[in-house]
Amino acid sequence: MRINRVMAGAVASVLALGAVAPAFADNDHRRDHDRREWREDRREWRQDRRDWERDRREARRDYRQDRREWHRDHDRYYRPAPPRVVYRPAPPPRYGSYGWRVGSPYRNYYSGPVYVVNDYPRYHLRRPPYGHHWIRDDRGNMLLVAIATGVIAQYVLSSR
């Protein structure tokens, strides 16, 4: 009887270990399964991130394209008109041969180069009075001009 008890104890322990072993094995299997799920979750997250970034790039590309089209259309309709160029002949001079008249202001006195003549005998001119000087224009005419105001006091036309 003693052997029966030992055998019964051994069989009971084997059965008990057999019942507990699948639980441990299932736990290991569960851990591997969790790891696999975690890896798959990471892959899905990465794929979601790639999809999100691709959608974002496409949205930015569409936005830029829409802006280009809007500016193209907007500029076409709201662009200021190009300036009209009208060619007219220059008005004729009002006084004398070149527009000089005693008492009128010398137009280019302050705007461009002024050629002051200091060599009076060379040009057969008299010495200018105080506050005046002789100026030569681009056609060779000599003008006696007041220094302070730029008013023409006398002019000598060239023979050219």
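In this chain, residues are counted from 1 in sequence order.
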Shortest non-hydrogen separation from Leu144 to Pro129 and the atoms involved: CD2-CD, 4.1 Å

Closest approach of Arg136 to Val117 (non-hydrogen atoms, all atoms of both residues): CB-CG2, 3.9 Å

Any chance you could measure [X], atom [atom1], to [Y], atom [atom2], to the nearest 0.5 Å?
{"X": "Asn141", "Y": "Tyr155", "atom1": "CG", "atom2": "OH", "result": "9.5 Å"}
{"X": "Asn118", "Y": "Tyr123", "atom1": "CG", "atom2": "OH", "result": "10.0 Å"}
{"X": "Asp41", "Y": "Trp45", "atom1": "CG", "atom2": "CH2", "result": "12.0 Å"}
{"X": "Leu143", "Y": "Tyr115", "atom1": "CG", "atom2": "OH", "result": "13.5 Å"}
{"X": "Arg49", "Y": "Asp51", "atom1": "CZ", "atom2": "CG", "result": "12.0 Å"}
{"X": "Met142", "Y": "Ile135", "atom1": "CE", "atom2": "CD1", "result": "11.0 Å"}

Note, Glu58 side chain near Arg54 side chain (heavy atom, < 4.5 Å): yes

Student check: side-chain heavy atoms of Val145 and Pro128 closer than 4.5 Å: no

Pair Glu69-Gln65, side chain to side chain contact (heavy atoms under 4.5 Å, CB included): steps then yes or no: CA-CA 6 Å; Glu69 290 174 4; Gln65 183 65 29; 3.2 Å; yes

Arg60 atom CZ, over 12 foreign heavy atoms within 6.0 Å: no

Arg68 atom CZ, neighbour heavy-atom count above 12 within 6.0 Å: yes

Test item: side-chain donor near acceptor, Arg126 and Gln154, under 3.5 Å: yes

Side chain Trp134, main chain Arg127, donor-acceptor under 3.5 Å: no

Worked check of side chain to side chain contact (heavy atoms under 4.5 Å, CB included) between Leu125 and Val156: CA-CA 9 Å; Leu125 299 172; Val156 178; 4.3 Å; yes

